[in-house]
J.: 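Pasting a structure below so you can have a look.
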Amino acid sequence: MVDVLRFESPVTTIYPTGETEDLTLGDLSEITKQIVRADSKTAAAEQLAVTFGSSRIDGDVIVLGQRPDEFLLVGTPTATASLVEGLDRSGHVSVIDHTHSRAMFRLTGSNASATLEKLCSVDWSEPMTPNGAVVSASLAKVGCDIARLDRGPDRSYLIACDRSFAQYLFDAIIDAGNEFDIAVVALAPTLV
Amino acid sequence: MTRRLPAQAGEVINRSTPLSFKWDGGNLSAFEGDTIASALLANDKRIVSRSMKYHRPRGYLTADFWDPNGFVQVGDDPNVRSGHRLVENGMTIDPQNVWPSLDYDMKAANGLVGRFLTAGFYYKTFIKPQAMWPVYEKVLARFAPGGTVDLDTPHGYHDKRYAHPDVVVAGGGPAGMAAAISAASLGARVMLVEHEHALGGHLRWGNAEDRRLLDELRGKVEGAGVEILTNSTVTGRYEDNWTAIVQRSHPIAVERLIKARAKVLVVAPGLIERPYVFTGNDKPGVMLSGAVRRLINMYAVKPGERAVVFTGNADGDAAIVDLERVGVTVARVVDARQGENIVVAKGGAKALDSVELSDGSVIEADLLVTAVGWTAPTSLLNMAGDRPVYHAGSARFYPSAEIHNVLATGGIAGDGDADQLLAHAEATGRLAANRAAAVAHRVQDLTARALPVQGPEPTWPEDDRQSLPRDSHPALFRSTTHGIVDYSEDVDSKDLVAAAKEGYDSVELLKRYTTATMGPSQGKLETVNTVAVLAEARGETIQEVGTTVWRPPYAPITLGALGGRVFEPVRVSSIQSWHEANGATPILAGAWVRPDHYGDPAAEVTNTRTNVGIIDVTPLGKLDLQGPDVPKLLNHLYTNKWSQLPVGSVRYGIMCAEDGVVLDDGVTGRLSDNRYLMTTTSSGAATIWEWAENWLQTEHPDWQVHVTPVTSGFTSINVAGPKSRALVSRLVDNVDLGPDAFDYMQVRSGTVAGVPNCFMWRIGFTGELSFELHVPSGHGLHVWTALLEMGNDLGVKPFGLEAQRIMRLEKGHFIVGQDTDGLTKAPSLGMNGLIKLDKDDFAGKPELAWAMEQSLPSLVAIQTTDPAEVPTEASQIVRAGTNEILGRITSSRMSPTLDRSICLGQVLPEAAPAGTELTIVMIDGRRITARVMEHQAHFDPEGQRLRG
Amino acid sequence: MLLVPCPNCGPRNSADLRYFGESHERPNPASASPHEWRSYLYLEDNPADWLKESWFCRSGCRRYFTLERHTGTNEFRSPPMPGNKVGGKA
Amino acid sequence: MGVLQKSKPARYSAVGLVRRGLRGDTWPRVWREVPLKKSYDVVIIGGGVHGLATAYYLATNHGITDVAVLDKAYLGSGGSGRNTAIVRSNYLTPEGVAFYDRSLQLYKTMAADLNMNVMFSERGHMTLAHTDGALRTMHWRAEVNKLQNINSSVIDPAEVKKLAPSLDTSSHPRYPILGALYHPPGGTIRHDAVVWGYARGADARGVEMHQKTEVLDITVEGGSGPDGKGPGGTVTGVRTSKGDISAPIVVNCTAGWATLISDMAGVRLPISTRPLQAAVTEPVKVFLPTVVVSGSLHVYVSQTDRGELVFGASVDPFNNYSVRGSLDFTEELASHVLELMPGISRMRLLRQWAGLCDMTPDYSPVMGFTPVQGFLCDVGWGTYGFKAGPVSGEQMAYCIATNETPELISAFNLSRFAAGELVGEKGAAAVGH
Ligand SMILES: Cc1cc2nc3c(=O)[nH]c(=O)nc-3n(C[C@H](O)[C@H](O)[C@H](O)COP(=O)(O)OP(=O)(O)OC[C@H]3O[C@@H](n4cnc5c(N)ncnc54)[C@H](O)[C@@H]3O)c2cc1C
Ligand SMILES: NC(=O)c1ccc[n+]([C@@H]2O[C@H](COP(=O)([O-])OP(=O)(O)OC[C@H]3O[C@@H](n4cnc5c(N)ncnc54)[C@H](O)[C@@H]3O)[C@@H](O)[C@H]2O)c1
Ligand SMILES: Cc1cc2nc3c(=O)[nH]c(=O)nc-3n(C[C@H](O)[C@H](O)[C@H](O)COP(=O)(O)O)c2cc1C
Ligand SMILES: [Zn+2]
């Protein structure tokens, strides 16, 4: 019926894309997101090898410890699929594709944490959330999973939220970033 | 600017930028840097307002933020502190509370009225006749003090921000600056907050030595990496050092509320100078020493020509020096330390002309300066649990106890010379940095994620503060005469004495009865004098009387700043853009925005019943359940049985809370051996997720079930109507949709319009043959438009929530929360077959067991005798001829299908049997009759269409 | 804004959590008398003192836990106890 | 029982005020300060509106005057001195409506009855509906009210705007005003005056008010508990910070502290204590003529004759006994009130405070006898009990004097919880004030 299925992003407002490198926000909602729930005793949890609150880069996939005994795998469809397929499913392990459930944004720049501070009560200072830290918290009153994954010298955050809130949250981040001249950038749905 | 002095060494005005503004209709000029108060006084405008009760003319007393007489209206901004707000070019400023007018002399009336406008006079008058009180009330309301709200005031951009500093310093005087510098030098992240427009505190209006110190401290603090916030106020300290800061100096926001989780709060607010109580103390021309010094040294304004200075301390002495320097004649110094006193300030209503002293002499003067001591603004400390203690030797209150994460320094903690003060502040800064580091360490330690704690717990030297000396000060509160204690409330010391004699003799009752300390400065000027007068009346000490409670905010804070940018999340489905583009009328359901209808809900119903309709039901709650123990969980949450649900089947169930009250309902389908998909009502989605987790985590941690919400992951579309199968089969090719292969209450997975991994189940709220498609949301819009395109010839049309509500009512399906209420137990629903008391346990089981034996209200279908009458939802059902309530209509609509009114209602058991004749009271009072129906469904009770 | 020490996330603003009140044991539904069951449903100890209570870390780790708080001062004490029984309040 | 005291207080009137003003005389004490006795016929714990009204009606209606009202702080220091003073009778259930309507009647004649202006301002009470569901609940309340001859009806946005022009009745995106339940007899009252008026009236009839007198324990004999307290026992008196008192009847009128007191007698209650916060703004010229409540937005607001806006919200989200303010409350309050009245963003919040509320599971009180003989309760007033003060006092006095539960409060007995027969106010869990 259709040749190629296009992924419809939940962010539908078109913002002019900017030039500034200081603070940027991009939509990554299309990226594949798999949730693995595996109790700490299971082999799968051992394979995934991150604890709650931290993250690890595994080839083309980022593995986030987003909840106790719960992992979010983010990456290209093939890379995440191969990681999931390689998991030992013994014990109580479930896998749920969350690509369509969660929207994902990336906020990058020297004022990224100052922007988050306008929306979220978590402490984004270096010792509390060093590079690689993963935090679940509410952003502009929307529950989010936020990972700090710097890009070179720049602070950068991956922000995942329920798809239905995506447009609202995107707008709220733009509003918060206005005082820092935030610009919207187009991002390819790859990470690493 | 007739009272403007030649340039002063420390002045903060910029003479090269003149400004003009309007005051009370006339044009005046000022310089950049002038406050409204300094500008008015420079222009010799000495009367700025009238008092609240007696309407006496008032002039500046403190000429700063706390001036009780200086409230003005600036454009649409009421109650502006003219001693603080800077003049802007073109500003329109008006006096408020000036009836009959600023200058009119009401002396005679005042004298008469004053005698009986005593404290509590309201309570003793207007008692009879009762009917007259509303009339009096309207008159009194006209006397309400304060400015005017312009209801068209735009909200403006108000910002908010969270912060996690190590140390917040409240107050940017010498003590605050020194504390900030020393804390920052130890690596602490410090926010230094100053209420005034610039750092410096008292030093800003001090002498050459003060100015030198100010320059030195400012230089250091600016180089110390401290975040400096001027024209910003720490307005409150809440639990766990949650600290509110209002920043009025943000570059783009009108105001910004900063919510700082300070590890340590340093309170360095200095002291607030206290007025003296004596007859005539509110005459224009009576000023505090700080006011005079600010006016001369910061604003180059000459406060008078001929002054009497009543001094009990060094600040008063310093004021004499300043006055004489700028050519004010100091006619007499009345030194309280020598036992001298002032008794009465005399003159006309508009100005002071002489001062009577305790030795009987009367000195001509147009300015009376008093320096009688201070109020310690212990407010922030008290919010942290501290209770102030009175120290008689220095005649002021002090903080009492040591609070681990709230430290006090500067004038509030004691006196001493500049070196002692700075030493104390620096030691406080060090201690604050040290304690903050310990807190940071502990917080990291508590955060049980794999983030390394940075280094060992710091072990720096602990507290090395040398306590500050307390200078002796005469106890100066009230002279031998009576006078105003609370300027903004117009409360006289005589009122306080009378109230105490009447029995309102604890400080709290006195406050409430007389309203002393309840005005805009909240006791910053009045508290100590109030307490002193009461102590005198009761023959007790000031400490025994105690103070009233200081409460947040430290200084009044606008609703705009508190409200800030408002976060009200809204949720939309993937199809929302289509709905908007196609004329849907939106409706809010919780946080969801959904189409209520597309123009004509009745037509949508008819089309769905005759052809095929599609509705976006994405908000339906969806939970992915996986694990071997899912049936146990289902058995526990639902009242019916779940152990035998075959793969590919869907079942309906009701959930109750532990008290048997209906919580939610919905269907759950078994997708594979270990995987189920549960749907809940849209509003119940979050609750049921938490409810399920609660049982799993607390009562049954041994059950292996993973519950994961997938509501937004699937765009849910219900395709309903006799032609729905025809339509769906055009989009689905790998699933047999035939009635035998895919029966009612079954679930299949497959590809829809080329989108893989879709689920579809054969259920429907509308009572029609229907297929509910759950499509991965990244392709939801694609499937929606494909359905419309492919079904064009079948007459497919979208329908909204309203059409769905009508159709479900035609079918007699109830809605939890509409047809049930906070007390409706499951047996009221007429589905007792779904309550399986032979299960071992399920939520609410005992209550349901007992409830099944009682006669409860029932939910029944009702039709009015006159088919055209649609009773408003919530219309009451009564016993005929009486007002005795037998039930109520919970849902009602005009049915386009049956062309008549249809209802659901909750009725008492006696009114529940089919055929019972009911009386419904319409909201216009008419009574109509109606009948209880045999089936809950008004339409197709056998469910033939559904199964089609 | 209270700082609630979540055993997983560390101290968090109370607005990020949901309060579930006093923790009481759930009586055996098979044998509970109406009086016992309704005591469990409705009666409260409500002390002005240390109170063992349950919280749900709603926007953090989504775990229920039990801890002790002083209802006069709002201080928390004792490490939180994950997975303690909280009873089934909706 | 006690002898009715004949001493009358000096009558308050404008004429008296002027006369005393001219002569410079002061007024006599509102209530006496007397030493605590060793025994009383009735001891009432709690000097709020409920305790004081009970004392007043015991003396006035039943001639029982050997009564002590004990308060650990000053009179009115509890919820009675902290509430937003909204009165209304448009409840949801017939029993609720009848009860609160009686209270409203007593409030109407109170100034004359107590010879004290309590400033009852019948300015109308408006509960806004922002959703279909809320509107349905408004209709429900209005219809029940009408059947009991209570003036209450649902009005449309245009009428709302007419009554309160400061409200934004445009088709606002987030919380549109779809209509309101309007109750003209509702309004506000000067809460402190009510407290003082009852105390003054009770004092004139011989009742003693004892401030700064904290009840530390209740003595009970023969109860089923290990210490002789609890069901089946009989009250013998109370221990206080100022000495022991014997009394055959002890009444618990302590609202937020209710369970602490009933624990002393061995009676468990279905009550949890939550602070409710309130705030006032600085005064501005009067612009809001009615009381406005929004259940969905959890705010209620009225403007005093002095021009301040008085705000309240919903109770704090966790149990506690502290009356500190919270910043979250003021933030929510401000954002919600600006949603309703966008034009007042420049008004300034002056003070915030809190009071303790004794919350029950069915938004209805616990009144009358308990399983301990001689120990009565008038508690569970949650966020709405000030308006009930007069009727509660009247009915509790009747209970004590006759040893019978009057019809008007029979639905509110403690035993309803064990019986699982909650009061229907829970039916529509709307905020009620
Ligand atoms: C912010 C707020 C707003 C409110 N708004 C409204 C409203 O608009 N309308 C309305 O109708 N209701 C309202 N209420 C509720 C209302 O205030 C209360 O329900 C009512 O005041 C309760 O009165 P009371 O006499 O029972 O208790 P309280 O007035 O609380 O009196 C109890 C007294 O018991 C004393 N006490 C406690 N323990 C002891 C002890 N051991 N020994 C001696 N004395 C003791 C206390 O000191 C206190 O004075 C509000 C409440 C609050 C907090
Ligand atoms: N009079 C003088 O010229 C002089 C000179 C040297 C020393 N001193 C002594 O120094 C002491 C005063 O020094 P200090 O630093 O303690 O007080 P200060 O009065 O000099 O400074 C306090 C500052 O804190 C600000 N402030 C108060 N509350 C605030 C809040 N909640 N948020 C933000 N800012 C707030 C005030 O606006 C003020 O500028 C006194 O003991 C005084 O006698 C005075
Ligand atoms: C209806 C009402 C109006 C009030 N108005 C004011 C006011 O105008 N100014 C003020 O300072 N306090 C006002 N208060 C609050 C009291 O000052 C005080 O905060 C409250 O009674 C609680 O007592 P506490 O703060 O001493 O604990 C008001 C209180 C109520 C109940
Ligand atoms: Zn957590």
Side-chain angles (χ1 to χ4, degrees), chain B residues 76-79 115-116 118 121-128 130 137 140-141 144-153 155-156 236 238 242 244 498 501-503 506 508-509 512 520 522 551-553 556-560 562-563 566 568 821-823 872-876 883 885 888 921 923, chain D residues 12-14 17-18 21-22 26-27 29-31 74 77 94 111-112 115-117 121 133 136 139-140 143-144 147 165-166 174 192-193 282-287 305-307 325-327 330-331 334-335 337-338 342-353 420 422 424 426-429:
Chain B
D76 58 8
D77 200 351
N79 301 350
R115 277 187 148 149
F116 79 95
T118 51
F121 91 97
Y122 283 107
Y123 304 122
K124 301 191 180 99
T125 49
F126 309 126
I127 294 172
K128 276 183 176 172
Q130 191 89 31
E137 201 191 2
L140 292 173
T148 309
V149 170
D150 177 349
L151 293 177
D152 296 323
T153 305
H155 184 19
Y238 301 90
W242 189 236
K501 284 200 182 133
E502 258 189 88
S506 67
E508 297 292 0
L509 288 177
R512 286 162 178 79
Q522 288 285 296
R551 293 214 177 271
I557 165 172
T558 63
L559 296 178
L562 284 168
V566 179
E568 286 289 358
D821 57 57
L823 287 173
T872 304
E873 287 169 355
S875 294
Q876 298 296 302
N883 282 358
I885 297 170
R888 71 177 196 281
V921 185
I923 61 168
Chain D
Y12 292 157
S13 69
L17 207 61
V18 171
L22 291 172
T26 48
W27 294 87
R29 287 188 69 89
V30 264
W31 58 81
Y74 57 97
S77 54
N115 175 233
M116 179 117 159
N117 186 358
S121 171
R136 202 177 302 121
H139 275 296
W140 184 359
E143 293 311 299
V144 172
L147 288 172
S166 54
R174 196 61 187 90
D192 285 330
E282 294 178 358
V284 293
K285 296 280 176 278
V286 173
F287 68 89
D305 294 336
R306 283 158 48 98
S326 88
L327 180 61
T330 51
E331 287 187 80
S335 64
V337 90
L338 289 175
I344 64 168
S345 65
R346 303 232 163 135
M347 285 190 73
R348 294 172 183 80
L349 197 93
L350 177 63
R351 184 179 178 94
Q352 65 173 126
W353 67 92
L422 273 56
K426 198 189 176 201

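Every chain is numbered from 1 and lettered A, B, ... according to where its sequence line falls, protein lines coming before strand lines.
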J.: To check you understand the geometry: which heavy-atom pair defines the closest contact between D:Ala334 and B:Leu562, and what is its length?
T.: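 That closest heavy-atom pairing would be CB-CB, 3.4 Å.
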J.: Using every non-hydrogen atom in the two residues, find where B:Tyr238 and D:Gly325 come nearest and quote the distance to one decimal.
T.: CD2-O, 3.2 Å
J.: Which one, D:Met347, D:Arg351, D:Arg306, leads in non-hydrogen pairs under 4.5 Å with chain B?
T.: D:Arg351
J.: So which of D:Ser77, D:Gly307, D:Ser335, D:Pro94 has the biggest tally of heavy-atom pairs under 4.5 Å with chain B?
T.: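 The answer is D:Ser335.
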J.: Look up atom CD in B:Glu873 and atom CZ in D:Arg136, then write down how far apart they are to the nearest 0.5 Å.
T.: 5.0 Å
J.: Minimum heavy-atom separation for D:Tyr12 and B:Tyr123, please, with both atom names.
T.: CD1-O, 4.1 Å
J.: Specify the closest pair of heavy atoms between D:Arg346 and B:Pro78, including all atoms of both residues, with the distance to one decimal.
T.: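 Here D:Arg346 and B:Pro78 meet closest at CB-CD, 4.2 Å.
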J.: Please tell me if the side chains of B:Arg888 and D:Glu143 come closer than 4.5 Å, counting only heavy atoms from C-beta onward.
T.: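 B:Arg888 vs D:Glu143: side chains apart.
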J.: Just so I know, are the side chains of B:His155 and D:Ser345 near enough to count as touching, which here means a heavy-atom distance under 4.5 Å?
T.: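 Contact flag for B:His155/D:Ser345 side chains = yes.
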J.: Where is the tightest heavy-atom contact between B:Asn79 and D:Arg348, given as atom of each residue plus distance?
T.: O-NH1, 3.6 Å
J.: As an exercise, state the distance from CH2 of D:Trp27 to CD of B:Glu502, rounded to the nearest 0.5 Å.
T.: 7.5 Å
J.: Is B:Ser506 in contact with chain D via its backbone, its side chain, both, or neither, using a 4.5 Å heavy-atom distance?
T.: side chain
J.: Answer whether the closest heavy-atom distance between the side chains of B:Thr153 and D:Ile344 falls below 4.5 Å.
T.: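 When only atoms from C-beta onward are counted, D:Ile344 and B:Thr153 do not touch, as no gap falls below 4.5 Å.
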J.: For the atom pair CG (D:Leu350) and CD1 (B:Ile557), what is the distance rounded to the nearest 0.5 Å?
T.: 12.0 Å
J.: Heavy-atom distance under 4.5 Å to chain B: side chain of D:Pro342, backbone, both or neither?
T.: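 Answer is backbone: N, CA, C or O of D:Pro342 sit under 4.5 Å from chain B.
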J.: Could you tell me which non-hydrogen atom of B:Gly146 sits nearest to which non-hydrogen atom of D:Lys285, and how far apart they are?
T.: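 Smallest heavy-atom distance, with atoms named: O-NZ, 2.8 Å.
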J.: In terms of heavy-atom pairs under 4.5 Å with chain D, which of B:Val921, B:Leu509, B:Ile885, B:Thr148 leads?
T.: B:Leu509
J.: Can you tell which of D:Leu327, D:Val284, D:Val144 has the highest number of heavy-atom pairs within less than 4.5 Å of chain B?
T.: D:Leu327
J.: Can you tell which part of B:Asp77 gets under 4.5 Å to a heavy atom of chain D, answering side chain, backbone, both or neither?
T.: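 The answer is both parts of B:Asp77.
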J.: Examine whether an atom of D:Val337 lies under 4.5 Å from a heavy atom of chain B, and if so say whether it belongs to the side chain, the backbone or both; otherwise answer neither.
T.: side chain
